[in-house]
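When a ligand or atom number is given, it counts from 1 through the structure's own listing order. All values reported here derive from a predicted model rather than from experimental measurement. Side chains are part of it too, since the values below use all heavy atoms of this structure and drop only hydrogens, waters and symmetry mates.
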Amino acid sequence: MNEHDELPNVVMPHPPHRNLLRGQKALVTGANSGIGKSVAMFLAQEGADVVVNYVYGDAAAHEVVDEIKAKGGHAIAIKADVSKEDEVQAMFSQMIADFGTVDILVNNAGLQKDAPIDEMTLEQWNTVINVNLTGQFLCAREAIREFKRRGVVSEISCAAGKIISMSSVHEVIPWAGHVNYAASKGGVMLMTKSIAQEVAPYRIRVNSVCPGAIRTPINQSAWETPQAYDDLMRLIPYKRIGEPDDIGRAVVWLASDDADYINGISLFIDGGMTLYPGFATGG
Ligand code: NAD
C-alpha cells in the first residue's frame, strides 16, 4: 500500500458493555447533537443514568433520551443555557432531585461565531466566551459543590466525582479567523488544569478531551464536499475524519475507575493533527 491509496473511514464497532459506570449519575451538556449525543449514549451503555442537557432542539433532546431508554438505560432531558448562572443552578437542582446526586459532568456544550479579528463584534466574542468558557466554569462549580458535599462512595467509584471538559486541538493550535474560539479553548485548558490541581485532594478528577476534526454540524463546511474533505486530510496524518464515537468511547474510559490515576491531562483525539503535519515531509 502506498500513502496515496484511499483508506476507508473505519471506526471500531461498539465494544461489549462492561458496565464500567454502573450506578453513576452523569450530566452531559449540549447532548442533543454531535459529540455530546455520542458521549451520552456511551455513558448510558456503560450503566450511567444520564441527563441530556440542551438549550434548543427539544425534539432532538427527547430523541436521545428515547434512544437511551430503548436500549434499557435511564435518561432525562433538561433544558438550560450553560452560560446563564440561574439556569445552570436550576438544572443541577433538578438533577439532584431526580437522580439523587452527580458523579460525572461532561462539559461539552460549545459553539463558534467566526469572523476576521477586525470584523469580529463584541457580541460574537462574548457569546463564544460565555458558552465555551464561562459555561464550563458555571457547571464545574455546581458539580464540585455536590462532589464535595457527598464525598467518595466506594461502591460507586474510587473518586468523589469526575469532570471532563470538551476542549479542542485549538487549546494549543492558534486559529486565524476564530480567535474567540481558540481563546475560549485555551482558557478551558488552564481552567481544567487549575481546577484539577485545586480539588485533587478531595478525590475529584478533572481532565480535558481535545478533539481534532470530528464529523458534526459545528464544522460541516470542512467535510461536506469532496474538495473540503481532501483539504482537511492535509491536516490529519491518520487520513480520516474523526467520528463522534471516537470521543464518546474515550470519555467513558476517562470517567471510569480504569482511569483513576489520571488527573489534569489534555487527551488529544485528533488522528495526529497536533503532530505538525506540515513537517511530515521534512519541513
Ligand atoms: P454541535 O454543534 O453538534 O454540538 C454542540 C452542542 O452544544 C449542541 O447540542 C448545542 O445545542 C449545544 N449548545 C450550544 N450552546 C449552548 C448553551 N448555551 N447551553 C447549552 N448547550 C449549548 O457540535 P460538536 O462538534 O458536537 O461540539 C461539541 C463540543 O466539541 C464543543 O465544545 C466543540 O467546541 C467541541 N469540539 C468539536 C470539534 C469538532 O470537530 N466537531 C473539535 C474540537 C472540539
Side-chain angles (χ1 to χ4, degrees), residues 27-42 51-65 77-92 105-114 124 126-140 142 163-173 175 178 180-189 191-192 208-224 228-229 232 235-236 240-248 250-251 266-271 273-274:
L27 167 57
V28 185
T29 64
N32 63 347
S33 176
I35 292 171
K37 176 180 177 183
S38 174
V39 167
M41 299 301 300
F42 270 89
V51 170
V52 174
N53 159 256
Y54 69 104
V55 67
Y56 49 81
D58 298 67
H62 288 99
E63 269 168 37
V64 178
V65 168
I78 303 183
K79 185 172 187 164
D81 180 337
V82 297
S83 67
K84 306 266 169 57
E85 185 176 34
D86 56 339
E87 294 188 28
V88 168
Q89 290 181 330
M91 171 168 69
F92 275 83
L105 166 66
V106 184
N107 253 334
N108 167 77
L111 44 71
Q112 290 179 214
K113 297 279 177 201
D114 307 329
Q124 287 171 319
N126 281 340
T127 301
V128 171
I129 297 296
N130 289 345
V131 174
N132 295 12
L133 183 58
T134 308
Q136 291 211 16
F137 156 70
L138 290 170
C139 292
E142 294 311 308
I163 297 177
I164 288 125
S165 315
M166 200 56 64
S167 185
S168 163
V169 290
H170 296 295
E171 73 168 44
V172 292
I173 301 178
W175 204 12
H178 310 257
N180 47 1
Y181 185 83
S184 74
K185 296 300 186 181
V188 164
M189 172 181 67
M191 181 178 70
T192 300
S208 295
V209 164
C210 305
I214 310 297
R215 195 195 305 266
T216 75
I218 212 175
N219 60 0
Q220 195 158 351
S221 60
W223 51 261
E224 67 182 342
Y229 192 86
L232 181 62
L235 300 175
I236 305 177
R240 74 164 172 87
I241 194 168
E243 303 293 346
D245 287 1
D246 288 308
I247 309 301
V251 167
S266 295
L267 178 61
F268 288 86
I269 306 176
D270 66 353
M273 193 180 247
T274 37

Problem set entry | Side-chain donor or acceptor of Asn132 paired with backbone N/O of Gly110 under 3.5 Å | no

Problem set entry | Parallel, tilted or perpendicular: rings of Tyr181 and His170 (30°, 60°) | perpendicular

Exercise. Going by the atom numbers of ligand 1, which of them fall below 4.0 Å from some non-hydrogen atom of Tyr181?
Worked result: 33 (C), 34 (O), 35 (C), 36 (N), 43 (C), 44 (C)

Problem set entry | For ligand 1, the portion of Val169 having any non-hydrogen atom under 4.0 Å away | neither

Exercise. Short N/O distance, under 3.5 Å, between Ile214 and ligand 1?
Worked result: yes

Exercise. So which protein heavy atom does atom 26 (O) of ligand 1 come closest to, and at what separation?
Worked result: Ile35 N, 2.8 Å

Exercise. Among protein heavy atoms, which sits nearest to atom 18 (N) of ligand 1, and what does the distance come to when rounded to 0.1 Å?
Worked result: Asp81 OD1, 2.8 Å

Exercise. Judging by distance only, is a nitrogen or oxygen of Ser83 under 3.5 angstrom from one on ligand 1?
Worked result: no

Exercise. Considering only the protein, which heavy-atom contact is closest to atom 14 (C) of ligand 1, and what is its distance?
Worked result: Gly110 O, 3.9 Å

Exercise. Is a donor on one side and an acceptor on the other found under 3.5 Å between the side chain of Asn53 and the backbone of Ile78?
Worked result: yes

Exercise. For atom 1 (P) of ligand 1, which candidate among Ser33, Gly242, Gly34, Ala60 provides the closest heavy atom?
Worked result: Ser33

For this session: Of the side chain and backbone of Ala213, name the one, both, or neither that has a heavy atom under 4.0 Å from an atom of ligand 1.
Result: backbone

Exercise. Looking only at heavy atoms, is any part of Pro244 under 4.0 Å from ligand 1, and if so is it the side chain, the backbone, or both, or is it neither?
Worked result: neither

For this session: Taking only heavy atoms of Met166 into account, list the atoms of ligand 1 that are under 4.0 Å away from them.
Result: 29 (C), 30 (O), 35 (C)

Exercise. Has ligand 1 got any nitrogen or oxygen that is less than 3.5 angstrom from a nitrogen or oxygen of Gly212?
Worked result: yes

Exercise. Backbone or side chain, does any N or O of Tyr54 fall under 3.5 Å from an N or O of ligand 1?
Worked result: no

Seminar exercise, completed: Scanning both residues in full, the closest heavy-atom pair of Tyr54 with Ala61 reads CD2-CB, 3.4 Å

Problem set entry | Side-chain donor or acceptor of Ser184 paired with backbone N/O of Ile129 under 3.5 Å | no

Problem set entry | For Pro217, atoms of ligand 1 separated by under 4.0 Å from a heavy atom | 3 (O)

Exercise. Does the side chain of Thr29 come within less than 4.5 Å of Cys139's, by heavy atoms?
Worked result: yes

Exercise. Is the side chain of Ser38 donor-acceptor paired with the backbone N or O of Pro244 at a distance under 3.5 Å, no angle test?
Worked result: yes

Problem set entry | Polar contact flag for Gly30 and ligand 1 (N/O pairs, less than 3.5 Å) | yes

Problem set entry | Flag, side chain of Asn32 to backbone of Tyr56, donor-acceptor distance under 3.5 Å | yes

Problem set entry | atom 44 (C) of ligand 1: the protein heavy-atom neighbour that sits closest, reported with distance to 0.1 Å | Ser167 O, 3.2 Å

Problem set entry | Region of Cys210 that comes within reach of ligand 1 [heavy atoms, distance under 4.0 Å] | neither

Seminar exercise, completed: Nearest non-hydrogen protein atom to atom 43 (C) of ligand 1, with distance, is Pro211 O, 3.4 Å

Seminar exercise, completed: Heavy atoms of Val106 and Met166 approach each other most closely as CG1-CE, 4.4 Å

Exercise. What protein heavy atom sits nearest atom 28 (C) of ligand 1, and how far away is it?
Worked result: Asn108 OD1, 3.2 Å

Exercise. At the 4.0 Å heavy-atom cut-off, does Ala80 count as touching ligand 1?
Worked result: yes

Exercise. Judged by modelled atom types alone, do Thr192 and Ser165 share a side-chain donor-acceptor pair under 3.5 Å?
Worked result: yes

Problem set entry | Donor-acceptor contact present, side-chain Asn219 to main-chain Ala213, <3.5 Å | no

For this session: Could you tell me whether Val82 approaches ligand 1 through its side chain, its backbone, both or neither, with non-hydrogen atoms closer than 4.0 Å?
Result: both

Problem set entry | ligand 1 to Leu111 polar contact by distance, N or O atoms, under 3.5 Å | no

Exercise. What part of Lys185, side chain, backbone, both or neither, has a heavy atom within less than 4.0 angstrom of ligand 1?
Worked result: side chain

Problem set entry | Short side-chain to backbone donor-acceptor contact, Tyr229 and Ile241, under 3.5 Å | yes

For this session: Mark yes or no for whether Asn130, through its side chain, and Thr127, through its backbone, hold a donor-acceptor pair below 3.5 Å.
Result: no

Exercise. For Pro211, does its backbone N or O pair with a side-chain atom of Asp270 as donor and acceptor, under 3.5 Å?
Worked result: no

Exercise. Between Asn180 and Lys113, is there a donor-acceptor pair closer than 3.5 Å when you use the side chain of the first and the backbone of the second?
Worked result: yes

Exercise. Does ligand 1 have a heavy atom under 4.0 Å from the side chain of Thr216, from its backbone, from both, or from neither?
Worked result: side chain

For this session: Report the member of Asn130, Ile218, Val131, Ile241 with the shortest heavy-atom distance to atom 27 (O) of ligand 1.
Result: Ile218

Seminar exercise, completed: shortest atom 16 (C) of ligand 1-to-protein heavy-atom contact is with Val55 CG1, 3.6 Å

